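Below you'll find the structure, written out as structure tokens, and then a few comments.
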There are 2 protein chains.
Amino acid sequence: MLSNRQNEILKLIIEEYSKVPVPVGSKSICDKLNISSATVRAEMAKLEDIGYLEKTHVSSGRVPSENGYKYYVNNLMKPKEMTGEDMLNLQTIFQNKSLVLSDAIEKSLEIISEITNYTAINLENNESRLKKVEVVPLSVDNLLAIVITDNGHVENKKIDLKNSDLEEIRKTVELINKLIVGTPINEVSEKLEYEIKPIIGQYIQNHEMIYNAFYNAFSDLKNKDDMTMKGKNKILELEEFSNNADKIKKIINKFDDENIVSSIKEEDGGINVYIGTENNIDEDLTVIKTKYNAKGEEGTLAIIGPKRMDYDRVVSLLDYLKSCIERE
Amino acid sequence: MLSNRQNEILKLIIEEYSKVPVPVGSKSICDKLNISSATVRAEMAKLEDIGYLEKTHVSSGRVPSENGYKYYVNNLMKPKEMTGEDMLNLQTIFQNKSLVLSDAIEKSLEIISEITNYTAINLENNESRLKKVEVVPLSVDNLLAIVITDNGHVENKKIDLKNSDLEEIRKTVELINKLIVGTPINEVSEKLEYEIKPIIGQYIQNHEMIYNAFYNAFSDLKNKDDMTMKGKNKILELEEFSNNADKIKKIINKFDDENIVSSIKEEDGGINVYIGTENNIDEDLTVIKTKYNAKGEEGTLAIIGPKRMDYDRVVSLLDYLKSCIERE
DNA sequence: TTTAGCAATGTCAATAGTTGAGTGCTAATT
DNA sequence: AATTAGCACTCAACTATTGACATTGCTAAA
């Protein structure tokens, strides 16, 4: 159990370090607390023993450790009051009734990324079902196969059509629509293989091509995560990476991974914070994420920033955005 | 006019430098030509006077200048024989009749990026026309507006539908299909504004929303360049950037620009080489691009690599790919 | 319990010395 | 006239070395 003064010192160090990423010395703290630097040093030594602070070398100031941040997030941090302006900006978006939920979220994340200078992500994890399938002839020998899901995602595949009969294709499409509309997207390929294929094989000669086209369109749909990322490059401007080309390259590669958010440990109902090594992106980064559920539309919001991020501010922003979404 | 020996020395320097980006000294050249280093130095001094070579400091070896590369590309370089394996790989893709042209190109560029370690791009610049417009009801108050072009691109917008009459919407869609299908995509918004809007305004009450949805879908379509990029991050691994975080950030930002290829000077019919400052991406990079036209499907292929790239190899690859495409 | 004071430690930036690769020039050689 | 050996010179890159500075831990006094 930490004393009041220890809590206070830890909090000051974390907040100071979040402004300027340079080890914090005892002097800058004692100025604020009206105690001598020696006393502060003694307390810092204890905080280091417990494991909440670290030194970069014997005579350096202190830097918060991962556990220090954890303790701060769980015990010391108070969610920051949001500014009226930020609240207003987000509210306005959600009051615009012509915006669909996913578009509103996207716009909000853009704003959040802009005001925090961190990266903001929305990952929709809806169980979507097949809504409709159709074909549009484009030219003599090109055809477009279109697949639509009930949450509004569209995938398409162009097909080369030489020697195929348009009428046969129409029949196939009709069949697919009749038999597998309503099926959850990730069961569609299977159903296509075992239920549709045998049937079309029977009375449609040249069905291979059209069958494959739809098969491919379906697997594209299944594999495509519905993730939007705002301010992707913001993170590269952080001081911690300013002179570290290798780290920048590493992070860029991580950011290209579609599973960047979903591969982090599962979140519970609240706002979840994954500090440093707790996320598998980078030890100098923190990911804050939370789930939302608005009348069946489910997803995950995430913000990626430096380990020394403005925890209180980000948590409030995310919390507020979540409430906007769920109030919809 | 350069002497044979000067040509030979310039060529050796460029090819040596392309392997290892370190200034080339006279010694490494004289070993290969059986003349003394003093003679090589004298020739190098002349090549520097002409402006084909540069020094990084008074006593450094020589580095090819931009003009040096230009001279090399125009006069010294012979397109390299392609390896049978590379040719076979590309041919196989184009013989696969079930692949649509754009997919075949995409696969080829993936291969080319893989074997060269450079970034490969396909930019389709078709004049596309509106093929079809339709709406799919998703739920009680959500509707999906879909727009399809004759070259097979699909854009969609979800619409919030409270208080709208489905029947009215159907009429609007019918009208759009009747009146503006066939219009070139970048004229569609205009036509929608001046020809359709007045008409639907007359006999459809609540048309604002549906009109806006389509208007937005159309502008998305217009603004979205059909560009695919393979090996985007390959370029970051180049030695010239290995310790230069700022340059990496700059290039990443450039690569996010949709106009990266089209903003470079217009290409003529052949293979065009834009060295260093001739492209507006980075002085250390070269862009090689060429147009293709296969039965009306037009586009531009581009490869982005270091200024010291394997010019002969890339030119042959691009030329071969172009011929594969146009033979289709 | 707190604090003043001090030795100890490590970073950072500046300075100086060393090495090595490479050049240009010149005079001798072919 | 062209080539080359030889030499003085230059500069980048590396390796100490130094002093200024920030900061610590410890101790003894308050």
Side-chain angles (χ1 to χ4, degrees), chain A residues 1-10 12-17 19-65 68 239-240 242-245, chain B residues 1-10 12-17 19-65 68 239-240 242-244 308:
Chain A
M1 197 53 205
L2 297 193
S3 71
N4 268 349
R5 194 167 65 186
Q6 285 166 340
N7 278 330
E8 205 159 7
I9 290 175
L10 180 57
L12 281 172
I13 291 177
I14 287 182
E15 285 165 5
E16 181 60 33
Y17 189 71
K19 286 182 213 133
V20 188
V22 163
V24 181
S26 54
K27 193 138 178 272
S28 70
I29 299 297
C30 74
D31 289 349
K32 290 171 191 155
L33 293 183
N34 279 324
I35 45 177
S36 80
S37 64
T39 312
V40 176
R41 278 203 294 282
E43 297 286 35
M44 282 163 107
K46 282 181 217 156
L47 287 167
E48 188 179 355
D49 282 346
I50 306 173
Y52 291 170
L53 292 178
E54 279 168 358
K55 283 191 286 196
T56 60
H57 60 87
V58 271
S59 71
S60 78
R62 299 305 205 293
V63 166
S65 71
E239 266 186 68
E240 22 276 84
S242 68
N243 230 340
N244 194 335
Chain B
M1 195 55 204
L2 297 193
S3 71
N4 269 349
R5 194 168 64 186
Q6 286 167 338
N7 278 330
E8 203 159 7
I9 290 174
L10 180 58
L12 281 171
I13 292 177
I14 288 182
E15 286 166 3
E16 182 60 33
Y17 190 71
K19 285 181 212 134
V20 188
V22 164
V24 181
S26 54
K27 194 139 178 270
S28 70
I29 298 297
C30 76
D31 289 349
K32 290 172 190 155
L33 293 182
N34 279 325
I35 47 178
S36 80
S37 65
T39 311
V40 175
R41 279 202 294 283
E43 296 284 37
M44 282 163 108
K46 282 181 217 156
L47 287 167
E48 187 179 356
D49 283 346
I50 305 173
Y52 291 169
L53 292 179
E54 279 168 358
K55 283 190 286 197
T56 59
H57 59 87
V58 272
S59 71
S60 79
R62 299 307 205 293
V63 165
S65 71
E239 266 187 69
E240 23 276 83
S242 67
N243 228 341
N244 195 334
R308 59 179 179 90

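Please read these numbers as outputs of a predicted model, since none were measured by experiment.
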Discussion item. Please check this pair: side chain of Ser60(B) against backbone of Thr56(B), looking for a donor-acceptor N/O pair closer than 3.5 Å.
Written reply: yes

Worksheet item: Looking only at atom types and distance, does a side-chain atom of Ser65(A) sit under 3.5 Å from a main-chain N or O of Gly51(A), one as donor and one as acceptor?
Response: yes

Worksheet item: Does Arg5(B) pair with Glu8(B) as a salt bridge, N-O distance under 4.0 Å?
Response: no

Item to complete: Apply salt bridge (Lys or Arg N to Asp or Glu O under 4.0 Å) to the pair Glu15(B) and Lys32(B), showing each step before the final yes or no.
Response: CA-CA 13 Å; Glu15(B) 286 166 3; Lys32(B) 290 172 190 155; over 6 Å; no

Worksheet item: When you look at CG of Asn4(B), are more than 12 heavy atoms from neighbouring residues, nucleotides or ligands closer to it than 6.0 Å?
Response: no

Discussion item. Surrounding CG of Asp31(B) (heavy atoms of other residues, nucleotides or ligands, distance under 6.0 Å), is the total greater than 12?
Written reply: yes

Discussion item. Is there a side-chain contact (heavy atoms from CB on, under 4.5 Å) between Leu47(B) and Leu2(B)? Walk through the geometry before answering.
Written reply: CA-CA 9 Å; Leu47(B) 287 167; Leu2(B) 297 193; 3.8 Å; yes

Worksheet item: Just how far, in rounded Å, is P of dT2(C) from CG of Asn34(A)?
Response: 14 Å

Practice prompt. Can you tell me the distance, in whole Å, between the CD atom of Gln6(A) and the P atom of dT2(C)?
Written response: 11 Å

Worksheet item: How far apart are the C-alpha atoms of Lys55(A) and Arg62(A), what are their side-chain angles, what is the distance that settles it, and do they pass the side-chain contact (heavy atoms from CB on, under 4.5 Å) test?
Response: CA-CA 5 Å; Lys55(A) 283 191 286 196; Arg62(A) 299 305 205 293; 3.3 Å; yes

Kindly give the atom pairs (protein nitrogen or oxygen, nucleotide nitrogen or oxygen) under 3.5 Å for nucleotides 14-25 of chain C.
unit_1: dT23(C); atom_1: OP1; unit_2: Ser26(B); atom_2: N; d: 3.3
unit_1: dT23(C); atom_1: OP2; unit_2: Ser26(B); atom_2: N; d: 3.3
unit_1: dT23(C); atom_1: OP2; unit_2: Ser26(B); atom_2: OG; d: 2.6
unit_1: dT23(C); atom_1: O3'; unit_2: Lys55(B); atom_2: NZ; d: 3.4
unit_1: dG24(C); atom_1: OP1; unit_2: Lys55(B); atom_2: NZ; d: 3.3
unit_1: dG24(C); atom_1: OP1; unit_2: Arg62(B); atom_2: NH2; d: 2.8
unit_1: dG24(C); atom_1: N7; unit_2: Arg41(B); atom_2: NE; d: 3.1
unit_1: dG24(C); atom_1: O6; unit_2: Arg41(B); atom_2: NH2; d: 3.2

Worksheet entry | Leading and trailing nucleotides of DNA chain D with any atom under 4.0 Å from heavy atoms of chain B | dT3(D) to dA12(D)

